[in-house]
Q: 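Structure in structure tokens, see below.
These numbers were taken from a predicted model, which means no experiment stands behind them. Chain identifiers are assigned alphabetically (A, B, ...) following the order of the sequence lines, protein sequences preceding nucleic acid strands; residue numbering begins at 1 within each chain.
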There are 2 protein chains.
Amino acid sequence: MKSVNLKELAQELNLSISTVSKALRDNYEIGQETKERVKKLAQELNYEPNPYASSLRRKKSKTIGVIIPEVSNNFFSQVINGIEEVARENDYHVLIYLTNESYSREQTISHHLASGRVDGILMSIASETQDYAHLKELTSKNIPIVFFDRVCDELATAKVTTNDFQSGYMATQHLIEAGCQCIAHLLISSNLSIGQKRMQGYVKALEDYGITCDASLIVNGDKTDAENRETMKQLLRSRPEIDGIFASVERLAMSSYEACKELNLAIPENIKIISFSNLYVASLLDPALTTITQPAYAIGKEAAKILFNSLDKNKPISATQSLELSSELIKRKSTAV
Amino acid sequence: MKSVNLKELAQELNLSISTVSKALRDNYEIGQETKERVKKLAQELNYEPNPYASSLRRKKSKTIGVIIPEVSNNFFSQVINGIEEVARENDYHVLIYLTNESYSREQTISHHLASGRVDGILMSIASETQDYAHLKELTSKNIPIVFFDRVCDELATAKVTTNDFQSGYMATQHLIEAGCQCIAHLLISSNLSIGQKRMQGYVKALEDYGITCDASLIVNGDKTDAENRETMKQLLRSRPEIDGIFASVERLAMSSYEACKELNLAIPENIKIISFSNLYVASLLDPALTTITQPAYAIGKEAAKILFNSLDKNKPISATQSLELSSELIKRKSTAV
DNA sequence: CTGTTAGCGCGTTCAG
DNA sequence: CTGAACGCGCTAACAG
């Protein structure tokens with residue numbers, strides 16, 4: 001079956017193409033009855049405008065790009081959920097791209113999107129990324145970007161984040177008040193804004209509670225799960241005084257959890273774990289993992305709203321529209337602490 | 001900064017637009033040195049062809065649509081991962097749409113995609129869907145579809161599934177051999193192919209082991225999590241002889257798990273749970289949940305490969321290309337059974 | 001109120 | 001080997 005276009009509708013109705021076009025778009029120039037006649041036939045023939053022709057003409061794609069490191073992570077999944085919801089409400093389409101934490105993929109993708117394929121971009125930076133030229137290319141082409149979670153401070157645009165510093169502080173405080181004296185911190189790649197801020201919160205909390213901060217307790221968890229688990233095991237073996245772990249992200253929490261189990265370190269008696277995580281199931285673990293849970297769905301929605309608002313009004317996004325949402329401390333259910 | 005197009009390149013080089021176009025596409029009609037000259041400048045000016053103009057002209061969008069019920073589910077996340085990977089290898093773009101299990105959303109989305117926005121579709125059907133007219137519209141417009149996991153048997157196209165019947169059988173058998181006599185089955189919406197097949201496997205296993213199949217032990221879990229949990233609690237209270245639960249999907253497994261915990265039914269002593277789930281963490285639960293784990297990533301990849309192969313060779317997809325991949329029974333780690 | 005005309009940027013004839 | 005001309009399907013400016 002051939003896909004029907006304006007020309008065919010026009011022929012069928014003995015009208016001109018532009019009249020049909022206007023009628024369908026409810027242009028005030030067109031009479032009520034012609035509008036109805038046109039719409040009726042369009043309906044019958046299942047007419048759908050060709051989006052590419054329309055985009056070419058209007059220089060608007062009604063499409064946004066979402067660039068994230070991975071999707072097999074509850075946080076990003078929920079964010080996508082929020083984004084898709086808002087996009088649908090605004091009649092936008094969502095293109096998705098995964099960097100897998102790779103800088104070069106992020107570059108390639110960004111470059112592709114500089115072609116006008118998308119009207120705007122929502123993005124969370126790859127852990128490998130340290131240079132931002134590819135992002136500057138985008139802004140130089142006037143493609144608005146809103147960052148979420150993992151942001152790029154060098155670009156003056158809106159960022160939607162969690163209160164990472166306070167959350168890191170809160171997490172550490174939680175462990176200290178539960179009696180921990182020697183707390184390890186499992187950091188996600190040191191390039192990332194979130195990692196830095198969470199760590200700063202950790203450092204500040206130790207300071208405030210008069211605990212000296214030992215740099216060797218802060219380890220990088222930017223390897224594979226298996227490697228991170230080994231790193232953790234090694235640390236725990238060499239430093240038996242460790243009685244608390246603060247993991248920066250979900251995956252690191254799980255690696256820590258497994259490391260403890262394998263070393264037969266009783267949780268939470270010998271060692272207490274807290275982590276950023278949007279994994280609902282973490283609260284079912286026994287003993288349940290205390291988590292700092294980010295408002296992922298809301299982050300997706302808010303980031304998308306800022307972007308669509310800018311696209312809608314056709315005005316640039318300013319850094320002042322940035323938003324910081326609060327995370328939530330979800331305590332262990334079945335076990336004290 | 002204005003985005004550079006063929007015309008500008010042509011002017012700069014004192015060539016015609018079509019020559020530049022051909023040079024960039026490595027057309028044999030163009031001399032080697034002009035090609036290089038053109039490509040060099042294109043590189044310098046960061047030229048990226050306008051995808052919409054190109055799509056309009058070639059009637060190919062280099063884009064596929066992925067329609068799934070939800071993304072906050074590890075199975076679908078992993079599938080997306082596989083799809084995106086293959087798409088990237090083939091230089092395709094991925095549009096994502098979530099139905100949230102809603103029939104009307106699925107209709108709207110399908111209708112939108114009938115416009116030529118995508119060259120093909122990968123899809124897993126919403127649980128509400130019972131009528132397939134919207135999908136037939138797509139095939140009537142020659143838009144190839146490959147179904148995965150939740151398929152539509154009324155359409156003669158390729159489907160990538162898990163061996164659901166055998167898996168359901170295996171799951172039930174596992175419980176029986178672990179000593180369960182009275183096994184409840186928590187069914188996902190009865191419309192879905194996967195639900196039916198898994199249930200059939202369950203019924204067959206009971207039969208083979210000479211256990212009479214009591215229809216009241218099969219309950220529908222198509223409500224919200226909280227409601228499903230209540231349903232489960234009610235069932236468990238009214239039928240204390242239940243000593244095994246086979247849940248059809250991840251969410252239902254969690255609801256069952258919680259229901260048991262709340263009723264203080266010891267797992268696995270009083271009651272054993274098995275479930276389809278791609279939630280890695282399920283194996284960390286204590287007692288760990290035995291799961292039937294689907295090869296989600298591979299399903300995504302294979303489905304995408306079938307689609308791209310068809311798009312590439314420009315020939316229709318036949319049902320004979322369907323694939324059935326095997327799931328894996330992941331047994332409890334920490335606890336026997 | 002309706003129709004005519006002129007592109008959007010690119011790829012594909014067909015002439016030279 | 002290169003260029004001129006046309007049209008993909010749609011929208012917008014301008015006539016009537």
Q: Could you work out, with ring pair (Phe, Tyr, Trp, His ring centres under 6.0 Å) as the rule, every residue matching B:Y52, not counting sequence neighbours?
A: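 With neighbours one apart ignored, the set is A:Y52.
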Q: Can any side-chain N or O of A:S322 pair as donor or acceptor with the backbone N or O of A:K159 at less than 3.5 Å?
A: yes
Q: Counting runs of three or more consecutive pairs, Watson-Crick or G-U wobble, with each distance below 3.5 Å, where are the stems of DNA chain D?
A: C:1-16 with D:1-16
Q: What pairs meet the side-chain hydrogen bond (donor to acceptor under 3.5 Å, both in side chains) rule with one or both residues in residues 121-130 of chain A, with sequence neighbours excluded?
A: A:E101-A:S127, A:E106-A:T129, A:Q130-A:N191
Q: Examine C:dG3: is either OP1 or OP2 under 4.0 Å from a nitrogen or oxygen in the side chain of A:T19? Give yes or no.
A: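 Result: yes.
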Q: Can you name the residues that form a ring pair (Phe, Tyr, Trp, His ring centres under 6.0 Å) with B:Y47, not counting sequence neighbours?
A: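 Once residues adjacent in sequence are excluded, B:Y47 has no partner under the ring pair (Phe, Tyr, Trp, His ring centres under 6.0 Å) criterion.
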Q: Could I get the full list of side-chain hydrogen bond (donor to acceptor under 3.5 Å, both in side chains) partners for B:Y103, not counting sequence neighbours?
A: B:Q107, B:D131
Q: Mind checking what makes side-chain hydrogen bond (donor to acceptor under 3.5 Å, both in side chains) contact with B:D149, not counting sequence neighbours?
A: B:Q294
Q: By side-chain hydrogen bond (donor to acceptor under 3.5 Å, both in side chains), which residues pair with B:N309, not counting sequence neighbours?
A: B:K313
Q: For nucleotides 5-8 of chain C, give me every protein contact, N/O to N/O, under 3.5 Å, one pair per line with atom names.
A:
from, atom 1, to, atom 2, distance (Å)
C:dG7, N2, A:R57, NE, 3.3
C:dG7, N2, A:R57, NH1, 2.9
C:dC8, O3', A:K59, NZ, 3.0

Q: For DNA chain D, note the earliest and the latest nucleotide, 5' to 3', having some atom under 4.0 Å of a heavy atom belonging to chain B.
A: D:dC1 to D:dG9
Q: Does B:Q78 use its side chain to pair, donor to acceptor, with the backbone of B:Y297 at less than 3.5 Å?
A: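 Here the side-chain-to-backbone pair does not exist.
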Q: Output every pair passing side-chain hydrogen bond (donor to acceptor under 3.5 Å, both in side chains) with a member in residues 57-67 of chain B, not counting sequence neighbours, ordered by first then second residue.
A: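 As it turns out, the side-chain hydrogen bond (donor to acceptor under 3.5 Å, both in side chains) pairs with a partner in residues 57-67 of chain B, which skip direct neighbours, are B:S61-B:D119.
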Q: Scan for salt bridge (charged side-chain N to carboxylate O under 4.0 Å, His left out) pairs involving residues 299-310 of chain A, sequence neighbours excluded, and state none if there are none.
A: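 Qualifying pairs: A:E302-A:K305.
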Q: So if I take residues 27-37 of chain A and measure heavy-atom distances to DNA chain C, which residues fall below 4.0 Å?
A: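 Close to the strand are A:E29, A:I30, A:G31, A:T34.
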